[in-house]
Novice: 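Below is one structure. I have some questions about it.
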Amino acid sequence: MMTSDGMRLRKIQRLAHEIMDEVNLRNVQMPPELLTMVIDNLSRAVGDLTDPSGNFSLSYLEEKVGNAHSLLVKKRQ
């Protein structure tokens, strides 16, 4: 049985895959300002995850990847 943290990480992973699909498969054209915000959120999530001390906030990762995903979904609608 998967733990709560494991389920949260799976959701983050799914959102990240959807972001990749949205950008690569759909060839989404977006304003540079929006793309900058998407990249900023993803960069912050990766930066937190790669902290050499091994400390990262799952809530922070969810927030940043979720923000990036929302920005792309809003653009599509």
Side-chain angles (χ1 to χ4, degrees):
M1 183 176 212
M2 191 176 298
T3 66
S4 175
D5 285 352
M7 290 171 42
R8 292 169 71 189
L9 285 168
R10 287 280 187 191
K11 181 180 178 189
I12 293 168
Q13 184 182 45
R14 180 183 53 79
L15 292 176
H17 285 140
E18 287 179 11
I19 290 168
M20 287 187 319
D21 288 347
E22 191 70 24
V23 171
N24 293 322
L25 299 178
R26 301 187 202 292
N27 198 19
V28 173
Q29 299 297 315
M30 64 181 75
E33 307 83 41
L34 181 62
L35 185 58
T36 298
M37 291 188 325
V38 169
I39 292 170
D40 180 67
N41 277 282
L42 294 174
S43 296
R44 289 174 188 271
V46 170
D48 191 58
L49 187 59
T50 58
D51 180 356
S53 68
N55 297 322
F56 66 91
S57 167
L58 198 48
S59 294
Y60 187 78
L61 293 174
E62 286 173 318
E63 175 190 348
K64 294 304 173 189
V65 174
N67 287 347
H69 186 269
S70 292
L71 288 165
L72 286 173
V73 169
K74 274 196 276 187
K75 172 63 181 157
R76 186 173 23 142
Q77 294 174 349

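Keep in mind it's a predicted model, so treat the numbers as computed, not measured.
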Novice: Applying side-chain contact (heavy atoms from CB on, under 4.5 Å) between I39 and each of L35, T36, N41, report the one that passes.
Specialist: L35
Novice: For the pair D48 (side chain) and L61 (backbone), establish whether a donor and an acceptor sit closer than 3.5 Å, ignoring hydrogens and angles.
Specialist: no
Novice: Nearest 0.5 angstrom please: D51 CG to F56 CZ, how far?
Specialist: 10.0 Å
Novice: Can you tell me how far CZ of R44 sits from CD of E63, rounded to the nearest 0.5 angstrom?
Specialist: 10.0 Å
Novice: Determine the minimum heavy-atom distance between I19 and H69, stating which atoms define it.
Specialist: CD1-N, 3.7 Å
Novice: Quick one, K64 and S43 - any side-chain contact, counting heavy atoms below 4.5 Å?
Specialist: no
Novice: Taking 4.0 angstrom as the limit, do E62 and K11 come out as a salt bridge?
Specialist: no
Novice: Rounded to the nearest 0.5 Å, what separation is found between the CG atom of N24 and the NE2 atom of H17?
Specialist: 11.5 Å
Novice: Would you compute the distance between atom CZ of R10 and atom CG of L15 and round it to the nearest 0.5 angstrom?
Specialist: 13.5 Å
Novice: If you measure from CD on E22 to CG on L72, what distance do you get to the nearest 0.5 Å?
Specialist: 6.0 Å
Novice: Any chance you could measure D21, atom CG, to E18, atom CD, to the nearest 0.5 Å?
Specialist: 7.5 Å
Novice: Do L42 and L34 land in one hydrophobic cluster if side-chain heavy atoms of ILVMFWY residues count as linked below 4.5 Å?
Specialist: yes
Novice: V23 and I12: same hydrophobic cluster, using ILVMFWY side-chain contacts below 4.5 Å?
Specialist: yes
